[in-house]
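Computed from heavy atoms alone, side chains included, the values below leave out hydrogens, waters and symmetry copies. Each chain gets a letter, A, B and so on, in the order the sequences are listed, and its residues count up from 1.
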There are 2 protein chains.
Amino acid sequence: MPERKTLILETALQIATESGVDAVSMRSVASRIDLTAMALYPHVPSKEAMLDGIVDRLIARVKLPSPEAPWDERLAELARSFRKVARAHPSVVSMLFTRPAVTPDALRLVETIYQALLDAGVPDAEVPRLERLISTAIVGFVISEAEGRFGPGSATPRARRALLPGAELPAHHRLAGQLDASPHITAEFEADVADLIELARRAGRRRKSTTS
Amino acid sequence: MPERKTLILETALQIATESGVDAVSMRSVASRIDLTAMALYPHVPSKEAMLDGIVDRLIARVKLPSPEAPWDERLAELARSFRKVARAHPSVVSMLFTRPAVTPDALRLVETIYQALLDAGVPDAEVPRLERLISTAIVGFVISEAEGRFGPGSATPRARRALLPGAELPAHHRLAGQLDASPHITAEFEADVADLIELARRAGRRRKSTTS
DNA sequence: ACCTGAACACCGTTCAAGT
DNA sequence: ACCTGAACACCGTTCAAGT
């Protein structure tokens, strides 16, 4: 019987991907599978639940890294495949913080990160915090990318600077050269991932040096 | 003439804070200041613009740190005062990623971070990326906190684990003791901020060791 | 210029009715 | 059990009309 529910949620994900989350309505989803809006209610109790379900379907698409790889490679691979899924469904990504999925698939993602951090030698007491920091930074990056928060966006860096007198923005002006160049976003993602892995590595080393 | 616009946006922020973003409508905002919904349009071109404006008003509340403090203290203070504002308006916080403010106040926040990173000795070429990483992690934390993504939330850690057979979740079970204890969220925030500052410090040292 | 009230084309959801 | 169609109480926004 979960077949019907999955069909509804996949249809909702499809509409969100094509036309944005705002285009998802009980009526629009129902009509695509030749039903009326009210026919959805036995399977999905509310629109809120439908939006939660869209996020679930997105999470389910993320590929887990091979458990044989070294811990830092596992973290990097997970981050990359997460970003890949996100880039395929940009308008859905903004719901990742506000509708945290509590599903087996979501749990497996967290388990993968916990395991990597343990293998890095991070003390048990620090693992949950580091998992939250890393996943928050990765999800935040991916949302920012999807929403165009990076890149010029609506206002070019130059136009932005013009909002305030130059005297108030010495750092912006010193960095004008960097800011006006459009950033290589994949390189930036890799550098962020490397920095986060470095934090984990340091947390692992701290333990070892205390232990030995 | 911007008085009227500010009144409208502050009213919208007030309603969002009291009753959630969903309670903000052209009609609800207008009626609180004894107008009809249509009377808002000369000042706010659309509801989307009104939601953008709510975020602007939130950003405007963030206190900047004293420029005399050491760079790492400035970063930590900015993060803390940002979190303080966010905690006072939890339901508004989720819009921070999706509606990035492009206003003088928002610009001053970024300028403060740029300046701190430059003072830390971070090479010009790395400052924009580190600013984005730090602000993404901080905003992500604050959204997660506001949305209850940390803390037990809807499903307790124990209930979460029950979604999958134990054999699939060795790390979760090893960490059960940590996970079942409710995290001290302010301490976690401080630890995250310290880790992010540490990344900046290392980026600064890397430069110095190359230079000398 | 600023505001109103009616109207339009949507919503999510409830409910009585059908098969 | 599953689905429908009408209805309710909302939306954002347009438009003609008022002052």
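- Along DNA chain D, the nucleotide closest to A:P42 and the one closest to B:E48 are compared, and the more 5′ of them pairs with A:P42.
- No side-chain donor-acceptor contact under 3.5 Å links A:T11 to the backbone of A:V29.
- Secondary-structure stems of DNA chain D, taken as three or more successive Watson-Crick or G-U wobble pairs (i with j, i+1 with j-1) under a 3.5 Å distance threshold, comprise C:4-8 with D:12-16, C:12-16 with D:4-8.
- In this structure, B:H43 atom NE2 and C:dA1 atom P are separated by 13 Å, rounded to whole Å.
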- At under 4.0 Å between heavy atoms, which parts of nucleotides 4-11 of chain C does protein reach? Answer with one letter per nucleotide, 5' to 3': B base, S sugar-phosphate only, - none. BBBB---B

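- Distance A:L51 CG to C:dT13 C1': 15 Å, rounded to the nearest Å.
- Ionic pairing of A:R129 and B:E188 is not present here: no N-O contact between side-chain nitrogen and carboxylate oxygen is shorter than 4.0 angstrom.
- Atom pair A:D22:CG and D:dG12:P shows a separation of 12 Å (rounding to whole Å applied).
- Of the possible donor and acceptor atoms, one in the side chain of A:S81 sits under 3.5 Å from a partner among the backbone N and O of A:K63.
- Ion pairing of A:D180 with A:R161 is present here, as a side-chain N (NZ or NE/NH1/NH2) and a carboxylate O approach within less than 4.0 Å.
- In terms of modelled atom types and a separation under 3.5 Å, the side chain of B:S31 and the main chain of B:D34 share no donor-acceptor contact.
- More than 12 non-hydrogen atoms from other residues, nucleotides or ligands lie less than 6.0 angstrom from CZ of B:R32.
- At least one side-chain heavy atom of A:F97 sits under 4.5 Å from a side-chain heavy atom of A:T136.
- As rounded to whole Å, 9 Å separates atom P of C:dC3 from atom CG of B:L40.
- Between A:E3 atom CD and D:dC2 atom C1' there is a gap of 16 Å when expressed in whole angstrom units.
- In this structure, A:E111 contributes its side chain and B:H172 its backbone to a donor-acceptor pair below 3.5 Å.
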